[in-house]
Amino acid sequence: MAADRPTDTADNTSSDAPRRLNFVQQIIEDDLRTGKWEGRVATRFPPEPNGYLHIGHAKSICLNFGLARQYNGTCNLRFDDTNPVKEEQEYIDSITADIRWLGFEGPVLFASDYFGQMYTWAVQLIQDGKAYVCDLSAEEVRAHRGTLTAPGTDSPFRNRSVAENLDLFERMRRGEFPDGSRTLRAKIDMASPNMNLRDPAMYRILHAHHPRTGDHWCIYPMYDWAHGLEDSIERITHSICTLEFENHRPLYDWFLDALGIYHPQQIEFARLALNYTVMSKRKLLELVKTKRVSGWDDPRMPTLSGLRRRGVTPESIRTFCADVGVAKFNSTIDVTRLENAVRDDLNKRAPRVMAVLNPLKVVITNYPEGQSEELDAVNNPEDASAGTRRVPFARELFIEAEDFMEDPPRKFFRLGPGREVRLRYAYFITCQEAVKDAAGNITELRCTYDPATRGGDAPDGRKVKGTLHWVSAAHAVDAEVRLYDRLFNVENPDKVEEGQDWKDHLNPESLRTIPAAKLEPNWREAANRASWTDEIARVQFERQGYFALDADTAKAGRPVFNRTVTLKDTWAKIAGK
RNA sequence: GGCGCGCUGGUGUAGCGGCAGCAUCGCGCACUUUGAAUGCGCGGGUGCGGGUUCAACUCCCGCGCGCGCCGCCA
């Protein structure tokens with residue numbers, strides 16, 4: 001099941017086997033069969049540029065762009081920029097870049113380009129007696145709206161004449177009234193059991209500078225009014241959004257029908273939720289603003305830019321989204337599934353390199369001083385075409401401090417006094433002595449090597465339980481390594497108890513920095529043997545995990561690596577017990 | 001209160017009347033110059049009560065429980 005599984009599609013259409021369609025695909029195929037849209041499939045991804053994209057958006061992006069790809073249709077990237085007070089050019093730029101990084105492209109459009117058309121349509125509704133200008137304040141509107149159980153009451157301005165409404169609306173547009181003083185409302189039904197239909201606002205007055213339209217407008221359309229129009233203008237066929245818009249669908253339909261214009265079908269699906277993180281833009285923004293993380297692209301963030309910097313590949317995000325599927329009910333996905341998709345991809349593609357994070361010096365006492373040699377190491381056991389490289393070996397080495405125990409427990413396969421292990425691609429060594437300082441800390445190991453085991457095999461067939469990674473001390477390159485862990489130490493940070501704050505569950509150990517890890521000297525050439533669509537260098541540090549070269553490398557004057565994800569570590573589990 | 005959705009193994013889900021599958025997680029075994037990867041095995045059908053049917057996890061009805069939404073945000 002490994003080799004032939006498509007790893008780069010956003011859908012689950014495997015060529016063989018009966019295809020299992022998700023419910024959206026079913027709707028589309030039914031429509032294709034009945035010719036509902038003349039065989040067209042047109043979707044859109046409509047982010048509001050008020051924050052960075054996160055893994056939850058990736059699901060929607062993969063769905064919308066994936067559907068278009070699958071059915072030979074189109075998918076527009078449409079910025080839903082209808083609220084200038086929250087939106088910024090920075091977000092427009094990051095969203096565009098993130099989508100391209102994820103591997104999708106399509107026309108880039110802006111809702112703000114339709115403001116003129118929307119205005120014309122609003123006038124039409126007024127003329128038809130289906131919209132009116134209301135002078136109630138926000139609080140008064142709330143009071144008139146009624147409650148969950150009680151119907152609302154009509155606004156005293158509900159029955160203004162068409163002429164007066166037209167005049168007032170025009171003056172709203174011209175900027176004659178202050179923010180919040182009036183709204184244009186749809187005349188629907190103040191007694192509707194669906195609160196969304198109790199004369200919802202279509203336009204509010206906002207004297208705000210818009211990133212694209214500047215100061216041309218001082219009235220801005222509300223989502224419910226605008227969204228269907230945007231879809232209609234773009235002749236979208238399937239307008240896919242998340243579950244919370246289900247109650248808005250009657251409104252979506254009402255506006256389009258009242259106007260008598262092209263009418264796409266709105267379909268709702270469950271957004272992605274992941275444990276051990278938060279996904280709301282509000283909370284992510286707060287983490288950024290309060291400096292709990294270094295920015296939107298902090299590698300601990302669930303943002304696409306954070307995941308990218310962390311080293312996660314776009315391919316693995318796409319397979320993850322395909323694996324997760326599309327359903328009509330909310331559920332929380334275990335992050336381990338994301339991590340797994342990442343390991344799966346990286347295992348096949350990442351070149352192996354040896355790096356010692358927590359160095360312990362080893363002296364090979366029977367290896368000649370001043371001598372060194374080069375040993376062959378394979379770059380990727382999963383990919384023969386990756387070839388081999390030469391790794392220098394000498395008398396003084398570093399191994400991982402955790403790979404030695406003075407008094408090893410039964411199941412510990414690594415080095416201990418008198419024990420023999422293999423140094424990967426090098427020799428068998430036996431520990432003769434652990435040298436300690438005055439405080440009793442082990443400062444150095446004195447070992448002997450068996451020259452006959454060069455390359456790592458014993459001619460006499462002798463076996464060894466453990467294989468350690470290592471680096472020649474004289475040849476090692478220092479690197480900064482950033483070890484990341486989950487941002488929160490509880491599964492659901494959104495669920496807070498009385499008197500607690502969601503930020504109380506931030507994991508204090510989500511970042512651990514190692515200033516001077518020891519890398520094998522040819523790490524860069526080794527890493528560059530693989531090519532990545534985003535040109536971020538990624539490697540596996542053998543026995544430890546996958547790491548990505550951070551852009552800070554340039555200013556740090558030494559390589560800086562981010563740990564993307566660890567390797568599975570069954571010893572850690574055993575040791576933890 | 002309304003609308004919508006769900007209730008299958010530890011978890012997340014698939015099946016659209018007759019075989020319960022996938023992923024993940026856990027455990028075990030094999031193999032192994034990454035305790036990695038890989039391969040194999042083990043771990044389930046009830047939310048409750050009715051009905052339709054030769055046959056229901058799948059269809060229908062009622063109940064229960066859970067979740068989501070109800071801003072001059074999107």
Side-chain angles (χ1 to χ4, degrees), chain A residues 1-2 20 22 26 46-48 50-51 80-83 85-87 134 136-139 141-142 145-151 179-185 192-198 200-206 219-220 222-224 226-227 241-250 268 270-271 275 281-282 323-325 327-334 336-337 339-341 343-344 347-348 352 354 377-378 381-382 411-414 421-426 428 453 455-458 463-469 540-545 566-575:
Chain A
M1 109 197 205
R20 34 184 264 268
N22 63 48
Q26 272 178 39
E48 183 190 13
N50 67 345
D80 209 1
D81 53 348
T82 56
N83 184 5
V85 316
K86 289 186 175 177
E87 297 155 9
C134 179
L136 256 26
S137 70
E139 272 131 68
V141 167
R142 211 167 301 131
R145 190 160 32 233
T147 66
L148 274 6
T149 49
D179 288 2
S181 59
R182 284 175 227 263
T183 54
L184 181 71
R185 295 226 259 163
S192 171
N194 182 343
M195 300 274 269
N196 295 129
L197 298 179
R198 319 247 262 228
M202 294 164 60
Y203 277 96
R204 75 285 214 191
I205 300 172
L206 241 38
I219 57 171
Y220 290 93
M222 299 289 294
Y223 172 86
D224 284 313
H227 204 84
C241 59
T242 47
L243 252 27
E244 65 269 28
F245 292 103
E246 236 163 346
N247 287 358
H248 296 243
R249 192 183 344 130
E268 307 85 10
R271 58 153 36 109
N275 56 9
K281 283 197 247 183
R282 200 203 93 229
D323 283 354
V324 159
K328 227 184 302 193
F329 50 91
N330 291 304
S331 62
T332 302
I333 304 299
D334 201 315
T336 60
R337 289 184 65 179
E339 293 169 357
N340 207 277
R343 286 192 188 101
D344 225 49
N347 177 45
K348 282 177 239 145
R352 273 56 166 176
M354 291 197 283
V378 339
E382 303 288 321
K411 295 253 225 21
F412 188 81
F413 300 157
R414 287 113 99 147
V421 297
R422 168 169 42 234
L423 293 182
R424 183 147 228 230
Y425 301 125
F428 284 11
T453 58
D457 276 312
K463 297 285 184 207
V464 101
K465 289 278 259 221
T467 300
L468 312 185
H469 61 276
Q540 182 197 103
F541 289 165
E542 294 230 16
R543 300 211 300 139
Q544 309 208 86
T566 61
L567 252 31
K568 285 191 182 164
D569 188 351
T570 54
W571 166 246
K573 250 183 331 210
I574 297 168

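The chains referred to below are lettered A, B, ... by the order of the sequence lines, with proteins before strands, and numbering in each begins at 1. Because the structure is a prediction, the values reported are computed rather than measured.
When each of A327(A) and L423(A) is assigned the nucleotide of RNA chain B with its nearest heavy atom, A327(A) is the one assigned upstream, toward the 5' end. Nucleotides of RNA chain B nearest to S181(A) and E542(A) differ in position, and the one nearer the 5' end is that of E542(A).
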Practice problem: Begin from the C-alpha positions of T336(A) and D334(A) and carry the test side-chain hydrogen bond (donor to acceptor under 3.5 Å, both in side chains) through to its verdict. | Solution: CA-CA 5 Å; T336(A) 60; D334(A) 201 315; 3.1 Å; yes
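The backbone N or O of F428(A) lies less than 3.5 Å from a partner atom in the side chain of T453(A), making a donor-acceptor pair.
Nearest to the side-chain atoms of E48(A) among the listed nucleotides C73(B), G2(B), C70(B) stands C73(B). Considering only the side chain of T336(A), C25(B) comes nearest among C25(B), G68(B), G1(B). Counting only heavy atoms from C-beta on, Q540(A) has its side chain closest to U34(B) among A74(B), C70(B), U34(B). Between C72(B), C3(B), U34(B), one nucleotide has an atom nearer to the side chain of P381(A) than all others, and that is U34(B).
The shortest distance between the side-chain N/O atoms of K573(A) and the OP1/OP2 oxygens of C27(B) is below 4.0 Å. In this structure, R204(A) reaches the A74(B) phosphate: one of its side-chain N or O atoms is under 4.0 Å from OP1 or OP2. The shortest distance between the side-chain N/O atoms of T82(A) and the OP1/OP2 oxygens of A74(B) is below 4.0 Å. For U34(B), neither phosphate oxygen OP1 nor OP2 lies less than 4.0 angstrom from any side-chain nitrogen or oxygen of R352(A). At C70(B), none of the side-chain N or O atoms of N196(A) fall inside 4.0 Å of OP1 or OP2 (strictly under the cut-off). Look at R424(A) and you won't find any side-chain N or O under 4.0 angstrom from OP1 or OP2 of U32(B).
For C5(B) and G43(B), the C1' atoms lie 30 Å apart once the distance is rounded to whole Å. Nucleotides U8(B) and U24(B), compared at atom C1', are 16 Å apart to the nearest Å. Distance noted for atom P between U46(B) and C59(B): 15 Å (whole Å). Rounded to a whole angstrom, the distance from the C1' atom of C61(B) to that of U52(B) is 11 Å.
Counting non-hydrogen atoms under 4.0 angstrom, T147(A) reaches nothing in the nucleic acid. Within the nucleic acid shown, H248(A) comes within 4.0 Å of at least one base atom, counting heavy atoms only.
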